Amino acid sequence: MGTADPRGGRRPRSVLFPFAFLLFTFVLVRLDLLPFPILYCYSAVSLTTFLIYAVDKHAARGNRRRISERTLHMASLLGGWPGAALAQRLLHHKSQKAPFLRLYRFTVLVNCAFLALSGVLWGSWRLP
């Protein structure tokens with residue numbers, strides 16, 4: 001699955017998964033299997049989530065008031081999980097805390113399930 005981390009944990013092989021997800025979403029939009037605004041929403045919320053992680057990382061380094069984990073998880077649940085995945089990998093933020101990562105993965109699954117449901121509903125509401 002991942003490569004060994006020198007600090008003893010596991011880490012993802014690359015940052016390709018969030019990009020692959022966004023590319024897959026783009027393809028579904030182009031095939032008219034999802035509404036076009038979904039792609040914009042995922043992109044905007046992912047960028048915002050990445051920035052939230054960056055602010056929290058900066059606050060952690062400066063020993064200042066932090067952004068709550070609940071806020072980070074809500075951002076992921078609302079579609080920002082690709083940005084969160086990139087932030088975890090590129091900023092090395094919240095990438096070692098196992099309880100946080102378990103809940104983060106759950107938010108990814110729930111968000112993807114809602115995306116699949118919206119695709120089914122979009123398909124049933126479109127006119128032939």
Side-chain angles (χ1 to χ4, degrees):
M1 290 259 195
T3 57
D5 188 310
R7 292 172 282 196
R10 302 288 289 174
R11 63 182 177 160
R13 288 181 190 221
S14 69
V15 295
L16 292 180
F17 183 66
F19 289 118
F21 171 80
L22 292 173
L23 179 63
F24 180 68
T25 304
F26 174 77
V27 169
L28 292 177
V29 167
R30 294 291 294 166
L31 294 173
D32 203 28
L33 297 173
L34 286 174
F36 191 71
I38 285 201
L39 185 59
Y40 282 132
C41 289
Y42 268 102
S43 299
V45 176
S46 290
L47 176 62
T48 303
T49 302
F50 184 90
L51 294 174
I52 290 170
Y53 269 73
V55 167
D56 189 47
K57 176 72 173 189
H58 185 71
R61 284 187 172 163
N63 202 21
R64 290 186 295 278
R65 184 174 173 90
R66 305 279 304 276
I67 294 173
S68 73
E69 288 186 358
R70 177 182 291 186
T71 300
L72 298 175
H73 287 309
M74 282 302 290
S76 294
L77 183 63
L78 294 174
W81 66 264
L86 290 173
Q88 289 172 13
R89 180 69 176 161
L90 299 176
L91 304 176
H92 306 285
H93 190 53
K94 298 290 187 183
S95 60
Q96 298 295 316
K97 193 174 179 185
F100 180 88
L101 291 174
R102 277 193 295 274
L103 189 52
Y104 163 75
R105 289 181 187 119
F106 180 72
T107 65
V108 172
L109 290 174
V110 170
N111 180 267
C112 288
F114 277 114
L115 179 64
L117 178 62
S118 70
V120 169
L121 294 175
W122 174 253
S124 66
W125 287 341
R126 285 183 308 153
L127 295 175

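Source: prediction; values computed, not measured.
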Quick check for you: to the nearest 0.5 Å, what is the distance between [X] atom [atom1] and [Y] atom [atom2]?
X: F19; Y: L23; atom1: CZ; atom2: CG; result: 11.0 Å
X: K97; Y: L103; atom1: NZ; atom2: CG; result: 10.5 Å
X: L28; Y: F26; atom1: CG; atom2: CZ; result: 11.0 Å
X: M74; Y: I52; atom1: CE; atom2: CD1; result: 11.0 Å
X: L77; Y: F114; atom1: CG; atom2: CZ; result: 7.5 Å
X: H58; Y: L51; atom1: NE2; atom2: CG; result: 13.5 Å

Hphob cluster co-occupancy, [X] + [Y], side-chain heavy atoms under 4.5 angstrom:
X: V27; Y: F17; answer: yes
X: L39; Y: F21; answer: yes
X: Y40; Y: F24; answer: yes
X: L72; Y: V108; answer: yes
X: L78; Y: L117; answer: no

Search all heavy atoms of [X] against all heavy atoms of [Y] and return the closest pair with its distance.
X: G79; Y: S46; result: O-OG, 3.4 Å
X: Q88; Y: F100; result: NE2-CE2, 3.8 Å
X: I38; Y: L115; result: CG2-CD1, 3.8 Å
X: H92; Y: K57; result: O-NZ, 3.3 Å
X: L91; Y: Y53; result: CD1-C, 4.3 Å
X: H73; Y: T107; result: O-CG2, 3.9 Å

Quick note, side-chain hydrogen bond (donor to acceptor under 3.5 Å, both in side chains) partners involving residues 75-84, not counting sequence neighbours, are W81-N111
Do L109 and R105 come close enough that some side-chain heavy atom pair is under 4.5 Å? no
R64 atom CZ, neighbour heavy-atom count above 12 within 6.0 Å: yes
Would you find more than 12 non-hydrogen atoms of other residues, nucleotides or ligands less than 6.0 Å from R30 atom CZ? no
